[in-house]
Amino acid sequence: MKKNIILLFLLMPVVFYGQKFSTRTGTVKFEATVPSFEEVAAQNKSVSAALDASGGEVAVLALMKGFRFKVALMEEHFNESYAETDKFPKATFKGKIEGLDITKLNATGQVFTITGDLTLHGKTKKITDRVVVTRSGNTITITGSFKVKPADFGIEIPKVVSSKIAETVTIEYNLPLNKQ
Amino acid sequence: MAKYGNRRVVIVVILLFIITGGYLLYNNYLYKDARNIAGEQPAFTVNATQLLAEYQEGTGAATAKYLNKTLAVQGKVTSVNDSLVIIDSAVFCAFTGIKEVYVDETITVKGRCIGYDEIFGEVKLDQCTLTN
């Protein structure tokens, strides 16, 4: 009983102030296809994300093993040689959506600026890009895309295959966040 | 005449080698099938809460032990939503096919461990199937 009361007090700020939105099933896709070569793309459909609506803080976590490729060998190379996912099992983004006011959101969407730190392959890089935020009922959806260079994260692509993998990788995300 | 016959046989044999070799390379290496988690024997059988506890005690050790391995995880269903099932509020399972799972049911899920999710404090499995 005492434990329950303590728990209630701990949860109070969440109930009253913290408008938390989150998802376990966000999607992150990346594509590094070079025209006229085989598609180099992968998708992760179980990305976790949380948004603190009052401050616009966003946290995203993608488990690297969750990226699936169409070609099994490509997936193996990604895991073993490039992203080294045994050593670096996750990619995270911690940032902020500037000027987010959830009461003014609508279903058609508004464009905001998102800034934050992307950590991947053990390296962190600052990302600033545009983000589209829509709201319908208790779901806030954050979508957008940005470009990164594998080299910035210390991912080396051997010369033999470098002509088949784009120098800049496009990362697309879609995070439908539900009210907690 | 016999000499030419032999040469032809050798050429045919070499060609067959190249063709089958190429075929095997194409199928088993370049375009080999992805792992079939549903068909694999689980490397570990654990309770959902125990698996989570191991990750929370030492992520490094648990990662080395479980990451990318096929696990059989037991526990009580605490949440069901589309293709995902959460067991004991500890393990998140993303299913591949159809599943008949209900809240409060005790189940065993076979899936591939993809790591620990700090945002929700859960261990994630993908390519899950029901084993009982």
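Quick caveat: nothing in here was measured; it's all calculated off a predicted structure. Chain A is the first sequence line, chain B the second, and so forth, proteins listed ahead of strands; every chain is numbered from 1.
Judged by distance alone, with hydrogens and angles left aside, the side-chain atoms of A:Gln43 form no donor-acceptor pair with the main-chain N or O of A:Lys29 at under 3.5 Å.
For B:Arg112, the part lying near chain A is the side chain, with the backbone staying farther off; criterion is any non-hydrogen pair under 4.5 Å. Only the side chain of A:Thr25 comes within contact range of chain B, judged by heavy atoms closer than 4.5 Å. Heavy-atom distances place both the backbone and the side chain of B:Glu118 under 4.5 Å from chain A. Using a 4.5 Å cut-off between heavy atoms, A:Asp86 touches chain B through backbone and side chain atoms alike. Heavy-atom distances place no part of A:Ala62 under 4.5 Å from chain B, backbone and side chain included. At a 4.5 Å heavy-atom cutoff, the contact between B:Asp117 and chain A is made by backbone and side-chain atoms alike.
Considering A:Glu80, A:Lys65, A:His121 in turn, A:Lys65 is the only one that fulfils the side-chain hydrogen bond (donor to acceptor under 3.5 Å, both in side chains) rule with A:Thr85.
Annotation for B:Ile114: hydrophobic cluster partners, listed by chain and number, are A:Leu61, A:Leu63, B:Ile119, B:Phe120 (ILVMFWY side-chain heavy atoms under 4.5 Å, direct or chained).
Remark: A:Lys123 fails to qualify as a cation-pi partner of A:Phe153 under the 6.0 Å distance and 45° angle criteria applied to the six-membered ring.
The ring of A:Tyr173 has its center no closer than 6.0 angstrom to the ring center of A:Phe93.
Per-residue heavy-atom pair counts under 4.5 Å with chain B were compared for A:Ala59, A:Pro89, A:Gly66, and the maximum is reached by A:Gly66.
Other residues, nucleotides and ligands contribute over 12 non-hydrogen atoms within 6.0 Å of the CD atom of A:Glu76.
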